[in-house]
Asks: 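One structure, as structure tokens, below. Some questions next.
One is the number of the first residue; the rest follow in order along the sequence.
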Amino acid sequence: YELALAVKLNKIQEAIEIGQLLIYVNPEKKEYWQQVSGLYYTQNKDDKSLAGLELAFDNKLLDKDKEYLDLPRYYLYKGLPQKAVNVLKYGFDNDYLDISKNNFELLADSYFIARDRENGIKALKKSLSLEADSDIAFKIARFGFEDESWELAFKYFSESKKMGWNKSPGRLELLMGITQYELGNLEQSLELFNLALQEEDTKIAAEGWVSFVEEIIKNT
């Protein structure tokens with residue numbers, strides 16, 4: 001009652017002190033950790049706010065999907081992606097986190113920010129296996145393309161196309177053509193470049209590739 005009254009009267013520092021006392025008396029009650037964390041947040045004391053949630057996690061008091069999403073998001077906000085990964089993995093491993101497309105996307109983002117592209121791609125694949133999404137397929141393909149994993153890139157560019165990705169007409173065909181060229185499939189790459197040639201946004205790039213590949217085929 002004293003804590004609620006202090007909050008109602010906007011006596012935030014007093015409320016924080018009462019909350020800290022409640023935590024000392026009942027450390028197993030996560031609501032007190034969450035309340036104190038929220039109070040620090042209203043004071044723009046992000047580090048102390050985060051510490052409240054972190055201690056609740058360390059004491060194994062978090063047991064809801066939302067709680068295992070709030071803390072990783074806070075970690076990402078503070079530039080601590082590896083800690084976000086650890087919390088999310090613990091949530092999945094212990095059945096606190098729902099097996100959902102969005103949750104695996106958050107895990108993937110955490111991995112990518114932590115510069116762990118391999119595990120980020122794995123998380124995106126899990127997300128895609130739960131629900132078809134042309135943007136996710138394109139994202140996987142793009143990372144494969146950047147890593148020069150040409151078979152992976154072509155597979156998921158193709159998946160993205162089947163799912164209807166068309167945000168930039170001709171772009172998929174151009175990228176798929178490049179992957180086929182890198183795989184040594186010149187005739188297939190030429191077919192794709194000719195498709196990209198028909199779209200205004202990719203016409204100039206496709207013209208260069210068509211000329212280049214035709215010259216190679218001609219001299220082979």
Side-chain angles (χ1 to χ4, degrees), residues 65-66 68-93 96-185 188-206 208-209 213:
D65 180 83
K66 183 179 183 301
Y68 276 89
L69 295 175
D70 287 345
L71 181 55
R73 285 172 180 148
Y74 215 149
Y75 276 137
L76 292 179
Y77 169 70
K78 297 297 291 183
L80 300 167
Q82 191 55 54
K83 286 194 171 186
V85 166
N86 294 340
V87 172
L88 289 165
K89 285 177 64 181
Y90 184 88
F92 279 123
D93 292 344
Y96 293 127
L97 267 175
D98 295 337
I99 303 299
S100 72
K101 173 181 180 291
N102 290 338
N103 287 354
F104 276 112
E105 284 182 46
L106 180 60
L107 177 60
D109 288 342
S110 301
Y111 273 126
F112 288 131
I113 295 170
R115 298 184 180 180
D116 185 347
R117 186 169 288 191
E118 182 180 352
N119 281 313
I121 290 172
K122 287 179 181 177
L124 285 181
K125 287 180 179 178
K126 287 181 180 177
S127 173
L128 191 62
S129 71
L130 294 170
E131 185 180 328
D133 186 325
S134 63
D135 287 332
I136 295 299
F138 184 87
K139 193 173 183 178
I140 295 170
R142 192 191 71 205
F143 283 123
F145 189 93
E146 290 172 1
D147 285 342
E148 298 186 1
S149 299
W150 305 118
E151 290 183 0
L152 175 72
F154 185 76
K155 177 182 177 181
Y156 283 95
F157 279 138
S158 299
E159 288 290 320
S160 182
K161 186 175 182 179
K162 287 177 187 175
M163 293 175 193
W165 193 94
N166 195 32
K167 290 186 175 179
S168 179
R171 188 179 178 194
L172 268 177
E173 288 74 17
L174 183 66
L175 292 171
M176 289 167 70
I178 295 171
T179 61
Q180 285 301 292
Y181 165 77
E182 294 291 350
L183 289 167
N185 302 321
Q188 292 91 325
S189 73
L190 190 58
E191 289 176 13
L192 289 158
F193 290 137
N194 277 312
L195 289 174
L197 193 61
Q198 299 171 25
E199 301 295 342
E200 194 63 35
D201 289 346
T202 51
K203 183 177 180 179
I204 295 174
W209 276 104
V213 174

Asks: Is a donor on one side and an acceptor on the other found under 3.5 Å between the side chain of Ser160 and the backbone of Ser134?
Replies: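 A pair under 3.5 Å: yes.
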Asks: Measure the spacing between CD of Glu191 and CE of Met176 and express it to the nearest 0.5 Å.
Replies: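 Rounded to the nearest 0.5 Å, the CD-CE separation comes to 11.0 Å.
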Asks: May I ask you to test the Leu152-Phe143 pair for a side-chain heavy-atom distance under 4.5 Å?
Replies: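 No; the side chains remain at least 4.5 Å from each other.
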Asks: Within a strict 4.5 Å, meaning less than it, do heavy atoms of the Leu174 and Trp209 side chains meet?
Replies: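 With C-beta onward as the side chain, the pair touches.
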Asks: For residues Val213 and Tyr181, report the shortest heavy-atom separation together with the two atoms involved.
Replies: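 Val213 and Tyr181 have their closest heavy atoms at CG2-CD1, 4.3 Å.
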Asks: From Asn166 CG over to Leu172 CG, what is the distance, rounded to the nearest 0.5 angstrom?
Replies: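 Answer for the CG-CG pair, Asn166 versus Leu172, is 7.5 Å.
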Asks: Determine the minimum heavy-atom distance between Phe112 and Gly120, stating which atoms define it.
Replies: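 Nearest heavy atoms, Phe112 then Gly120: CZ-C, 3.4 Å.
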Asks: Return yes if some donor-acceptor pair links the side-chain N/O of Asn103 with the main-chain N/O of Ile99 below 3.5 Å, else return no.
Replies: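 Here the side-chain-to-backbone pair does not exist.
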Asks: Scan for ring-ring contact (aromatic ring centres under 6.0 Å, His included) pairs involving residues 115-141, sequence neighbours excluded, and state none if there are none.
Replies: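 Residue pairs with at least one partner in residues 115-141: Phe138-Phe157, Phe138-Trp165.
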Asks: Within the distance-only criterion (no hydrogens, no angle test), does the side chain of Asp147 pair as donor or acceptor with the backbone N or O of Ser149 below 3.5 angstrom?
Replies: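 Side chain of Asp147 to backbone of Ser149, a donor-acceptor pair under 3.5 Å: no, none is there.
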Asks: How long is the gap from CG on Asp98 to OH on Tyr68, to the nearest 0.5 Å?
Replies: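 Interatomic distance, Asp98 CG to Tyr68 OH, rounded to 0.5 Å: 13.0 Å.
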Asks: Does any non-hydrogen side-chain atom of Met163 lie less than 4.5 Å from one of Asp133?
Replies: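 A side-chain contact is absent here, since even the closest heavy-atom pair is not under 4.5 Å.
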Asks: Give, for atom NZ of Lys126 and atom CD1 of Ile121, the distance between the pair rounded to the nearest 0.5 Å.
Replies: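 So the NZ of Lys126 and the CD1 of Ile121 are separated by 13.5 Å.
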Asks: Could you give the distance from CG (Leu192) to CG (Leu175), rounded to the nearest 0.5 Å?
Replies: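 It comes to 10.5 Å.
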Asks: Short question: side chain of Thr202, backbone of Ala196 - any donor-acceptor pair under 3.5 Å?
Replies: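 Yes; at least one donor-acceptor contact below 3.5 Å.
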Asks: Would you check if Phe145 and Ile178 make a side-chain contact, meaning some heavy-atom pair closer than 4.5 Å?
Replies: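 Result yes, sub-4.5 Å side-chain heavy-atom pair found.
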Asks: Could you list all the salt bridge (Lys or Arg N to Asp or Glu O under 4.0 Å) pairs where at least one residue sits in residues 104-116, not counting sequence neighbours?
Replies: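 Every pair satisfying salt bridge (Lys or Arg N to Asp or Glu O under 4.0 Å) with a residue in residues 104-116: Lys101-Glu105, Asp109-Lys139.
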Asks: Enter the distance from Phe104:CZ to Ser129:OG here, rounded to the nearest 0.5 Å.
Replies: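 It is 7.5 Å, given to the nearest 0.5 Å.
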Asks: With distance as the sole test, does Asn119 use its side chain to make a donor-acceptor pair with the main-chain N or O of Tyr111 at under 3.5 Å?
Replies: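 Looks like no, no N/O pair under 3.5 Å.
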Asks: Taking atom CD as the centre, does Glu146 end up with more than 12 heavy-atom neighbours from other residues, nucleotides or ligands that are less than 6.0 angstrom away?
Replies: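 Counting neighbours around CD of Glu146, more than 12 heavy atoms of other residues, nucleotides or ligands fall under 6.0 Å, so yes.
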Asks: How close do Ala153 and Gly144 get, counting heavy atoms only, and between which atoms?
Replies: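 The answer is CB-C, 4.0 Å.
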Asks: Tell me, do Leu69 and Tyr74 make a side-chain contact under 4.5 Å, heavy atoms counted?
Replies: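 No, side chains not in contact.
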Asks: Any idea which heavy atoms bring Leu195 and Glu173 closest together, and the distance?
Replies: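 Taking Leu195 first and Glu173 second, the nearest heavy atoms are CB-CG, 3.8 Å.
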Asks: Enumerate donor-acceptor pairs with a distance under 3.5 Å from any side-chain N or O in residues 80-92 to protein atoms, sequence neighbours excluded.
Replies:
unit_1	atom_1	unit_2	atom_2	d
Gln82	NE2	Asn86	OD1	3.3
Lys83	NZ	Glu54	OE2	3.0
Asn86	ND2	Gln82	O	3.3

Asks: Any chance you could lay out the side-chain contact (heavy atoms from CB on, under 4.5 Å) test for Leu97 and Leu107, step after step, and finish with the verdict?
Replies: CA-CA 11 Å; Leu97 267 175; Leu107 177 60; over 6 Å; no
Asks: Side chains of Tyr96 and Asp65: closer than 4.5 Å at any heavy-atom pair?
Replies: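 SC-SC contact between Tyr96 and Asp65 ruled out.
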